[in-house]
> 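Sending over a structure as structure tokens; questions will come in a sec.
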Amino acid sequence: MVALTASIFAPPTFAQAYPAKPVRIVIAFSAGGTTDILARSVAQKLGDQLKQPFVIDNKPGGGGNIGTEAVVRSAPDGYTLIVNSVGPIAVNQTLYKNLPYDPLKDLVPIVQIADVPNVLVVHPSVPASTFEEFVAYAKANPGKLNYGSTGTGTSSHLSSFMLSQRIGTETTHVPYKGANALNDLLSGRLQFMFATIPSVIQHIRAGKLRALAVSSNKPSRSLPGVPTVAEKGFPGFAAGSWFGFFAPKGTPESVIVLLNKSVNDVLPSLEEQMIREGADPVGGTAAQFGQFTQREYEKWKVIVRESGATPE
């Protein structure tokens, strides 16, 4: 009886420290894209540091909505995470009507990995070697310039829409699925495009595309010497991609804190690689990332509505 009573009132056994098993990182896009490349780099470092595999699980489709919803519906135990970007987090709520979840409420921000500005690139056949020359050429040829994007409502589409609007000239949007837009730009079927730096940096270095300006608030360390759109007469122009970790709502705060610290710890070792490939590492607190995503949603909500973009 004494033994039974002792067992009833014995203190509970503490749960095994997190992570006690492999962690799944969902990517809402196909393998080989910017989200996938950045996530794999960080996942490998996290695995080394936390002594458990961080396994990538690609779930593309629906403009990132399929993979995002899968994580929203997952158990909030820290063993299902997502590395996501501007589209599914800040754009799709406005672009897609009746989205069955709210990414700003149903996901918990952990940490921003990187900022990836878009870069305005033109085919060498376009008679413009500088951003100023491009603006003048676009104004002199309304309706004659075609630009590609990786899909309606994507950052590449909305960046070009914003620029055309600010210039005050008409350009023609040609939406594509994935990399086909870049292929047609390289062949000269398209004249210009806002593309993520990692997707075009090798073509810029090889002289196959001409970089005229970046869409970030400050110059990119990956393309030194390339000016920002804002400093070239369009103050406030800021449009690009960013990437960060999120967890399902209800994930323990202790897990969020640990993952935030761990990502911040490993980012310095990836800095040189990221910059070489076209990304600027960020890091910071979970609160800072949450405030940033809210500002991004407010900004893109207006732009999506002005563009009239609808899902393909």
> List in chain and number order the residues that pass side chain to side chain donor-acceptor pair (under 3.5 Å) with Q288, two or more places apart in sequence or in another chain; answer none if no residue qualifies.
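For Q288, the residues satisfying side chain to side chain donor-acceptor pair (under 3.5 Å) (neighbours in sequence not counted) are T285.
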> Are L258 and V83 linked, directly or through intermediate hydrophobic residues, by side-chain heavy-atom contacts shorter than 4.5 Å (ILVMFWY only)?
yes
> Ignoring hydrogens and geometry beyond distance, is a side-chain donor-acceptor pair present between N118 and S155 at under 3.5 Å?
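The answer is yes; a qualifying pair exists.
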> Looking just at side-chain N and O atoms, do H173 and S160 make a donor-acceptor pair shorter than 3.5 Å?
no
> Suppose we screen for side chain to side chain contact (heavy atoms under 4.5 Å, CB included). Which residues come up paired with R189, at least two apart in sequence or across chains?
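For R189, the residues satisfying side chain to side chain contact (heavy atoms under 4.5 Å, CB included) (neighbours in sequence not counted) are D184, S187.
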> Please list all pairs meeting ring-ring contact (aromatic ring centres under 6.0 Å, His included) that have one or both residues in residues 245-278, counting only residues at least two apart or in different chains.
F246-F289
> Provide the full list of salt bridge (charged side-chain N to carboxylate O under 4.0 Å, His left out) pairs with a residue in residues 29-56, sequence neighbours left out, each pair given once.
D36-R40
> List the steps and the verdict of side chain to side chain contact (heavy atoms under 4.5 Å, CB included) for V116 and L38.
CA-CA 10 Å; V116 180; L38 287 172; 4.2 Å; yes
> I'd like to check the side chain to side chain donor-acceptor pair (under 3.5 Å) partners of Q291; sequence neighbours left out, ordered by chain and number.
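With sequence neighbours excluded, Q291 shows a side chain to side chain donor-acceptor pair (under 3.5 Å) to no residue whatsoever.
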> If a pair satisfies side chain to side chain donor-acceptor pair (under 3.5 Å) and one of its residues is in residues 233-253, list it, with sequence neighbours excluded.
W242-E296
> Which side-chain N or O atoms in residues 266-281 pair as donor and acceptor under 3.5 Å with protein atoms at least two apart or in another chain?
| residue | atom | partner | partner atom | Å |
| --- | --- | --- | --- | --- |
| S269 | OG | V266 | O | 2.6 |
| E271 | OE2 | R221 | NH1 | 2.8 |
| Q273 | NE2 | S41 | OG | 3.2 |

> Only counting residues at least two apart or in another chain, list the ones meeting salt bridge (charged side-chain N to carboxylate O under 4.0 Å, His left out) with E306.
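Not a single residue meets the salt bridge (charged side-chain N to carboxylate O under 4.0 Å, His left out) criterion with E306.
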> Using the test salt bridge (charged side-chain N to carboxylate O under 4.0 Å, His left out), find all partners of R73 that sit at least two apart in sequence or belong to another chain.
E69
> Scan residues 81-96 for pairs that pass salt bridge (charged side-chain N to carboxylate O under 4.0 Å, His left out), counting only residues two or more places apart or in two chains.
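Checked against salt bridge (charged side-chain N to carboxylate O under 4.0 Å, His left out) - neighbours excluded - no pair reaches residues 81-96.
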> Can the ring centres of Y18 and Y79 be said to be less than 6.0 Å apart?
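Yes, ring centres under 6.0 Å apart.
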> Can you list everything that forms a side chain to side chain donor-acceptor pair (under 3.5 Å) with S85? Sequence neighbours excluded, please.
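Checked S85 against side chain to side chain donor-acceptor pair (under 3.5 Å); zero matches.
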> Taking the side chain from D57 and the backbone from I25, do they hold a donor-acceptor pair closer than 3.5 Å?
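No, because the side chain of D57 does not come within donor-acceptor range (under 3.5 Å) of the backbone of I25.
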> Please list, chain by chain and in numerical order, all residues satisfying side chain to side chain donor-acceptor pair (under 3.5 Å) with E133, sequence neighbours excluded.
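Side chain to side chain donor-acceptor pair (under 3.5 Å) list for E133, sorted by chain: empty.
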